[in-house]
Engineer: 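Before anything else, here's the structure in question.
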Amino acid sequence: MNTTKRTQFYATELALPPSWYGVGQVPTGMAQPWGQAALSVLPPGLRPKVWVGRGVCVVGVGLSKSFSGTLSEASAAYRKWANEAEVSWVPGSPLGAADVAVERDTALAPTNLAPQFREDPRLLLAALGAFPFDSKASGRLEVPQVALIGVPHLHSFLIWHEDAQALATEVLQRIGVLGQHPYPLGAQGVASDGKGWHRLAPEVDFAAWEGSIEGATSALRAGRAEKVVLARSESFACETGVDVRALTRDLLADPDQRCQDVRGWAFAIGDLVGLSPEVLAQVSAGHFAARVLAGTSLPGHGQELFNDPKEVREHEIARESVISKLNEAGVQGAQAGEVSILSLPNVDHLQSTITGQVGEGSDVSTITEVFHPTAAVCGKPREAAAELIAEFDPIVRENFTGPVGYVLPNGDGQWNLALRCAQTLDEDGLADAHSPEISRWRLLAGAGIMPSSTAQHEWDETGRKMGLMRQVLGINEDVR
Ligand SMILES: C=C(O[C@H]1C=CC=C(C(=O)O)[C@@H]1O)C(=O)O
């Protein structure tokens with residue numbers, strides 16, 4: 001007789017006030033208000049696991065189960081486990097709320113999954129993950145113990161492991177108390193008061209960066225590759241710890257309302273916290289979408305990129321690196337949109353959106369594994385660029401520029417590139433994925449290097465890319 005007990009979870013649908021969804025504040029589908037509200041109702045003192053942008057959003061705490069391996073290995077093990085788990089609806093759930101169409105229907109506005117969640121609550125067992133740049137190295141998927149799942153059509157769910165009943169009850173109570181007045185969009189949290197920061201010994205100073213760029217550009221001019229992406233870091237320590245919950249809440253704020261489209265997906269997963277704008281693959285009910293970024297200017301100067309042959313070619317290479325692999329990835333009927341400008345807080349980018357249908361046997365992780373590493377983070381040709389990275393990249397990237405995101409038990413989900421982020425460091429310099437407050441941070445940024453690149457230009461560009469995390473961490477310009 002098989003006496004193995006199935007892993008038991010419970011789920012409920014939440015009736016939340018319109019303020020959670022920013023009704024009248026942001027276009028439907030943009031989840032910044034939802035993310036800020038969800039973070040507000042988590043009990044304090046717990047480090048959140050976060051994925052919030054446009055589409056399915058996850059804000060969780062605790063760990064039910066983790067899966068290690070390459071992206072496809074971990075995803076396959078997770079899907080097997082999730083499809084054997086038991087998820088029961090809690091009676092009294094306000095099921096059947098009216099569906100709301102997503103406004104400004106762009107490629108990155110996925111299908112309404114709420115009906116599927118209602119039909120099969122196991123689909124709510126979302127796993128969040130971060131995987132290394134080196135796609136052969138092992139990464140990790142994590143299923144939280146308690147998770148709020150938001151759907152951009154104004155639906156929300158809570159799912160919890162049977163051992164986390166008390167925590168789930170506390171979240172439900174806090175929704176009752178705080179839920180009518182969630183954290184307001186645009187307000188700054190209390191991640192850091194901007195004081196007490198100092199710089200840690202640099203991993204890469206300007207002289208080292210100059211050496212790397214000179215080495216890489218000479219190799220490119222010698223014909224070893226056409227483009228390579230190099231990266232650098234800046235590390236800082238704060239006298240008081242930074243609360244990851246407040247930090248991710250601040251990442252979701254858009255105080256000057258400059259960005260008309262989703263600025264990025266805020267994430268706190270594994271040892272990384274950031275706001276990634278680049279989508280490797282989004283899969284939702286058979287639809288595929290990707291957003292390729294490469295080519296960077298000062299904010300507000302995006303149009304000038306079209307007149308700069310170096311930036312145009314850099315983008316073309318990144319776009320082609322995805323388009324050329326669509327067949328192998330099992331994406332059918334693919335269409336690539338015109339190159340356009342994406343305005344982000346500290347930079348403008350050239351962007352391309354690619355859409356299509358997911359073929360039989362493919363899912364978000366198998367597709368991502370074929371694309372990664374794209375030329376936006378590696379170069380062209382891929383193998384030759386990877387060799388140049390091994391030779392000239394002045395840092396060890398770990399999960400930076402690797403896939404970060406979430407996956408569902410049916411293979412839907414989204415993997416972005418881990419960009420515009422910082423790595424949390426504990427006192428030993430090792431990643432610590434558990435403490436709610438972190439005092440040591442390693443900011444990371446990379447740039448596409450072409451034969452004509454100069455060290456100063458790419459230093460400044462990577463500095464601007466790190467600017468977002470500097471701002472939300474409160475590391476002022478005078479911290480030298
Ligand atoms: C590697 C990074 O950006 C990539 C994505 C967009 C634009 C890029 C560029 O213009 O160099 C990079 O390819 C980073 O943000 O750290």
Side-chain angles (χ1 to χ4, degrees), residues 133 204 209 212-213 216-217 220 225-234 263-265 267 272-280 290-299 301-302 304-306 308-322 339-353 371-380 382 385-386 388-389 392-404 416-423 442-455 457-470:
F133 168 70
V204 190
W209 179 250
S212 287
I213 302 293
T217 48
L220 296 177
E226 193 180 352
K227 168 184 174 177
V228 62
V229 178
L230 297 185
R232 67 183 183 92
S233 69
E234 290 186 13
R263 299 193 319 160
W265 282 259
F267 61 95
L272 295 179
V273 181
L275 186 76
S276 164
E278 181 148 8
V279 184
L280 278 166
R291 181 205 256 172
V292 180
L293 304 176
T296 306
S297 73
L298 291 170
H301 291 256
E304 293 164 24
L305 291 168
F306 286 113
D308 185 332
K310 179 223 165 214
E311 302 292 331
V312 168
R313 182 66 191 139
E314 206 179 312
H315 183 78
E316 221 169 60
I317 290 172
R319 177 183 156 105
E320 271 308 306
S321 73
V322 174
V339 181
S340 61
I341 303 298
L342 178 69
S343 288
L344 296 176
N346 298 322
V347 287
D348 282 6
H349 286 307
L350 291 175
Q351 70 165 340
S352 292
T353 306
F371 292 158
H372 180 69
T374 70
V377 290
C378 182
K380 183 188 176 192
R382 186 195 270 182
L388 295 184
I389 289 172
F392 298 112
D393 212 11
I395 62 163
V396 177
R397 294 194 189 181
E398 299 176 26
N399 289 346
F400 172 63
T401 64
V404 65
N416 277 31
L417 282 167
L419 303 175
R420 317 300 143 85
C421 58
Q423 183 184 18
R442 181 178 181 237
L443 280 53
L444 295 140
I449 308 301
M450 300 287 282
S452 62
S453 293
T454 65
H457 180 91
E458 307 301 344
W459 178 269
D460 294 344
E461 180 177 314
T462 43
R464 278 196 301 281
K465 287 172 173 168
M466 284 184 226
L468 170 76
M469 288 310 296
R470 253 186 107 121

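Values in this document were obtained by computation on a predicted structure and should not be read as measured data. Whatever order the structure lists ligands and atoms in, that order sets their numbers, starting from 1. Residue numbers run from 1 in the order of the sequence given.
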Engineer: Return a yes/no value for H349: is any of its N or O atoms, backbone included, closer than 3.5 angstrom to an N or O of ligand 1?
Structural biologist: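 The answer is no, given that H349 and ligand 1 share no N or O pair closer than 3.5 Å.
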
Engineer: For E278 and ligand 1, does the shortest N/O to N/O distance drop below 3.5 Å?
Structural biologist: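 No, E278 has no N/O under 3.5 Å of an N/O on ligand 1.
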
Engineer: Can you find a pair of side-chain heavy atoms, one from V377 and one from F400, that are under 4.5 Å apart?
Structural biologist: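 Counting from C-beta outward, V377 and F400 never come under 4.5 Å.
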
Engineer: Considering only the protein, which heavy-atom contact is closest to atom 8 (C) of ligand 1, and what is its distance?
Structural biologist: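 I find the closest protein heavy atom is K465 NZ, 3.3 Å.
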
Engineer: Is it the case that the side chain of T374 and the backbone of A318 share a donor-acceptor pair, with hydrogens and angles ignored and the cut-off at 3.5 Å?
Structural biologist: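 Looks like no, no N/O pair under 3.5 Å.
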
Engineer: Do H349 side-chain atoms and A294 backbone N/O form a donor-acceptor pair below 3.5 Å?
Structural biologist: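 No; zero donor-acceptor contacts below 3.5 Å.
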
Engineer: Taking only Lys NZ, Arg NE, NH1 and NH2, and the carboxylate oxygens of Asp or Glu, determine whether E320 and K380 approach each other closer than 4.0 Å.
Structural biologist: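 Salt bridge between E320 and K380, a charged N being under 4.0 Å from a carboxylate O: no.
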
Engineer: What are the atoms of ligand 1, with element, lying closer than 4.0 Å to any heavy atom of E314?
Structural biologist: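 Result: 9 (C), 10 (O), 11 (O).
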
Engineer: Could you find the nearest protein heavy atom to atom 2 (C) of ligand 1 and give me its residue, atom name and distance?
Structural biologist: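 Closest protein heavy atom to atom 2 (C) of ligand 1: G446 O, 3.4 Å.
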
Engineer: Any idea which atoms of ligand 1 are less than 4.0 Å away from a heavy-atom of A376?
Structural biologist: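 So the answer, numbered in order with elements, is 4 (C), 12 (C), 13 (O).
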
Engineer: Measure the spacing between OG1 of T296 and CG of L350 and express it to the nearest 0.5 Å.
Structural biologist: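 Here the interatomic distance stands at 8.0 Å.
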
Engineer: First locate atom OG1 of T462, then atom CZ of R232, and finally report the distance between them rounded to the nearest 0.5 Å.
Structural biologist: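 These two atoms lie 3.5 Å from each other.
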
Engineer: Closer than 4.0 Å to some heavy atom of T296 - which atoms of ligand 1 meet that?
Structural biologist: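 In order of number, 7 (C), 8 (C), 9 (C), 10 (O).
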
Engineer: Provide the number and element of each atom of ligand 1 under 4.0 Å from a heavy atom of R420.
Structural biologist: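 Near R420, the atoms of ligand 1 are 3 (O), 5 (C), 6 (C), 14 (C), 15 (O).
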
Engineer: Quick one: pull up CH2 in W459 and CZ in R464 and give me the separation to the nearest 0.5 Å.
Structural biologist: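 So the gap between those two atoms works out to 13.5 Å.
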
Engineer: Using a strict cut-off of 4.0 Å, indicate which atoms of ligand 1 neighbour a heavy atom of G295.
Structural biologist: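 That gives atoms 9 (C), 10 (O) of ligand 1.
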
Engineer: Looking at ligand 1, would H315 count as a contact under a 4.0 Å heavy-atom criterion?
Structural biologist: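 Per 4.0 Å heavy-atom rule, H315 does not contact ligand 1.
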
Engineer: Can you tell if the side chain of P373 reaches within under 4.5 Å of the side chain of T401, non-hydrogen atoms only?
Structural biologist: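 Contact flag for P373/T401 side chains = no.
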
Engineer: Below 4.0 Å from ligand 1: does a non-hydrogen atom of E461 turn up there or not?
Structural biologist: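 Flag set, E461 near ligand 1.
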
Engineer: Are the charged groups of E316 and R319 less than 4.0 angstrom apart, N to O?
Structural biologist: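 Not counted as a salt bridge, because no side-chain N and carboxylate O are separated by less than 4.0 Å.
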
Engineer: Any atoms of ligand 1 less than 4.0 Å from a non-hydrogen atom of A447? List them with their elements.
Structural biologist: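 Every atom of ligand 1 under 4.0 Å from some heavy atom of A447: 11 (O).
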
Engineer: Could you identify the single nearest non-hydrogen protein atom to atom 11 (O) of ligand 1 and state the distance to 0.1 Å?
Structural biologist: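 The protein heavy atom lying closest is G448 N, 2.8 Å.
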
Engineer: Can you check whether L293 has an N/O within less than 3.5 Å of an N/O in ligand 1?
Structural biologist: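 N/O-N/O distance below 3.5 Å does not exist for this pair.
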
